[in-house]
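Everything on this sheet refers to the single structure shown next.
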Amino acid sequence: MKYYITTPIYYINDKPHIGHAYATFVADTFARYHRLKGADVFFLTGTDENSTKNVEAAREKGYSDIQHYLDMQSAEWQTAWKELGITNNDFIRTTEERHKQGVEQFFRLVHEKGDIYKGTYQGLYCTGCEAFLRESDLADGLCPFHKKKPELIEEQNYFFRASKYRAALLEHIEKNSDFIQPVSRRNEIVNYIKDHFEDISISREKIEWGIRLPIDDSQVIYVWFDALINYLTGIGYGWDEKLFARYWPADLHIVGKDIIKFHCALWPAMLLSAGLQLPRRVFAHGFFTIEGQKVSKSLGNAIDPVQLCAIYGIDVVRYFLLREIPLGGDGDFSELRLQDRYESELAKGLGNFTSRVLTLAEKCEATVFEAAAIPAEQEAARAVADLRYAWENGFEQCVLHESLAAIHDLIAWADRYIDKTKPWALLKEDNKTAVQTLSILLELLRQASLFLYPFMPHTAAAIRERLGLSGIAGDGVAWLQWRAERIHSVSKKENLFPPLAPKP
RNA sequence: CGCGGGGUGGAGAAGUCUGGCAUCUCGCUUGGCUCAUAACCAAGAGAUCGUGGGUUCAAAUCCCACCCCCGCAACCA
């Protein structure tokens with residue numbers, strides 16, 4: 001089984017902020033889950049470098065050598081993802097030669113298909129949107145999104161015959177109910193395709209930065225047409241057909257809710273034209289506010305994910321973002337709520353459970369913990385199997401907060417089990433039963449570490465270390481079996497989630 | 001007819017597509033426990049599910065109307 005997942009490629013006119021990190025963490029969590037399940041995973045992210053915005057940013061910052069600026073910025077993004085422990089398999093930049101080759105190849109295919117034609121375009125172009133607007137889109141003559149007066153542009157452009165694929169797209173969406181998620185977005189897209197999806201100008205005459213049209217080098221390819229193709233060129237399209245064949249089609253595109261039209265209408269239409277398979281699923285995550293206010297640099301509330309992780313730890317931030325905001329919805333990022341969740345769910349929940357089990361296990365002085373032929377063993381295995389179903393379902397249905405809930409249920413179940421069996425009392429009276437009971441508890445902890453791994457990889461490793469187990473290197477499908485690994489040399493070590501230092 | 005999100009115990013949320021005893025976390029009350037990070041377990045109080053209609057045996061959920069809140073200059077997922 002292969003699994004190919006992508007994030008959007010990001011504009012690099014500034015540093016990554018918490019919103020970018022969120023989308024990337026989400027994708028990374030899926031990638032880790034599928035690796036754990038033994039899939040052949042390819043996880044791609046990258047940077048969108050052919051946008052006019054980048055060029056403007058470079059100029060503003062005084063760089064005359066645009067490519068040099070892009071190299072620096074892209075490097076900064078790659079460093080950020082590395083520091084945040086993102087496990088992308090590759091990183092695609094749209095100014096790379098391999099991308100350019102793929103785009104040219106793709107363009108030729110679409111051209112040969114007869115889906116490119118030359119026309120005169122007269123329209124209102126908003127550089128904020130990187131798109132032409134209709135008269136009816138405007139509010140008081142301004143772009144409704146950017147409150148900016150669009151420029152009247154009249155030029156000879158090449159058009160992509162998107163309208164030709166309208167019916168096929170609608171049919172595909174109808175037949176594949178999972179294609180666009182969440183459902184509310186699907187409805188939005190269906191309306192959009194029915195009412196507004198028309199042939200689109202895919203070249204620009206007066207822009208100097210970008211990929212030249214293979215059939216007319218006086219024109220540059222429209223940035224979205226170019227950018228979307230990263231999902232192909234990132235896995236070999238145009239430069240390694242074997243690799244490409246191994247991973248295409250994408251199993252999941254993670255995108256922001258603002259760019260679903262491009263991903264759910266234009267992109268599939270492009271693929272249909274090129275005769276390529278469509279991605280299996282596009283999932284639109286929501287946006288969040290920061291302490292109730294929108295993300296905004298002028299308000300100074302843009303959060304640097306690297307800094308945030310330096311304070312709380314990567315796992316805690318990942319956990320919080322995925323726990324606090326149901327995937328697909330909008331949410332609010334609040335540091336106070338992060339601290340609340342840290343205290344109640346991580347320190348007092350997971351951390352305390354780990355701590356009490358390990359302490360008890362150390363006290364009983366056993367060196368190896370194995371399965372015992374007692375009813376409790378079966379009961380625990382059954383409980384975990386049920387929870388695993390919920391956990392897996394959360395990933396399959398893109399409702400990750402339900403997977404996290406399954407982890408909490410597992411810990412709650414185990415905490416209740418401790419209370420019921422009172423191992424601290426058993427240790428005094430009946431060491432054999434105590435070892436059996438603790439053995440079950442340690443297995444529950446091991447199971448928890450696996451459930452936790454996609455969300456909190458470092459914490460999972462820390463728990464496993466305490467159980468005398470190796471780190472998770474993928475291919476953990478066998479490990480998920482009850483009692484799949486032998487637990488030995490248990491050691492408590494320091495607490496997983498120490499109390500937070502009081503904030504000054 | 002611009003686009004979108006939301007209104008559910010004191011706080012924050014899930015549930016709404018696919019109707020079926022109103023769920024979770026925090027806080028509060030009471031009891032238990034002493035292995036554990038003053039942690040854990042149990043019981044309990046607390047909700048006209050924004051409003052008004054409609055459909056239905058049954059509505060937070062479906063339909064209609066309405067009220068209110070939030071985001072949409074630039075940066076920006």
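Below, read A as the first sequence line, B as the second, and so on, with proteins coming before strands; counting in each chain starts at 1.
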If you check the [X] side chain, which of [options] turns out closest?
X	options	value
A:K363	B:rU37, B:rC26, B:rC35	B:rC35
A:D415	B:rC76, B:rC41, B:rG4	B:rC41
A:H17	B:rC76, B:rG5, B:rA36	B:rC76
A:Y11	B:rC33, B:rC75, B:rA77	B:rA77
A:S355	B:rA36, B:rC75, B:rG15	B:rA36
A:V183	B:rG4, B:rC17, B:rA13	B:rC17
A:H20	B:rU25, B:rC76, B:rG4	B:rC76

Touch check for [X], heavy atoms < 4.0 angstrom, all strands: base, sugar-phosphate only, or nothing?
X	result
A:K420	nothing
A:A23	nothing
A:N352	base
A:L358	nothing
A:Y22	nothing
A:E188	sugar-phosphate
A:G329	nothing
A:P326	sugar-phosphate

[N]: pairing nucleotide in any strand, Watson-Crick or G-U under 3.5 angstrom:
N	answer
B:rU29	B:rA43
B:rG12	B:rC24
B:rC35	none
B:rC66	B:rG50
B:rG71	B:rC3

[N] [atom2] sits how many Å from [X] [atom1], rounded?
X	N	atom1	atom2	result
A:K348	B:rU37	NZ	C1'	9 Å
A:Q339	B:rU25	CD	P	21 Å
A:L360	B:rC35	CG	C1'	4 Å
A:E343	B:rA11	CD	P	23 Å
A:N495	B:rU37	CG	P	6 Å
A:I12	B:rC76	CD1	P	12 Å
A:N191	B:rC17	CG	C1'	15 Å
A:D340	B:rC26	CG	C1'	7 Å

Closer than 4.0 angstrom, basic N to acidic O: yes or no for [X] and [Y]?
X	Y	value
A:R337	A:E324	yes
A:R59	A:E56	no
A:D28	A:R318	yes
A:E396	A:R281	no
A:D48	A:R93	no

- Task: For B:rC35, take OP1 and OP2 only and decide whether either is under 4.0 Å from a side-chain N or O of A:K492.
- Result: no
- Query: Hey, does the side chain of A:H285 come within less than 4.0 Å of B:rA77's phosphate (OP1/OP2), counting only N and O?
  - Reply: no
- Task: Check whether any side-chain heavy atom of A:S64 sits under 4.5 Å from a side-chain heavy atom of A:Y69, and report yes or no.
- Result: no
- Query: RNA chain B: A:R356 or A:A412, which has the more 5' nearest nucleotide?
  - Reply: A:R356
- Query: Among side-chain atoms of A:D199 and A:S163, is any donor-acceptor pair under 3.5 angstrom?
  - Reply: yes
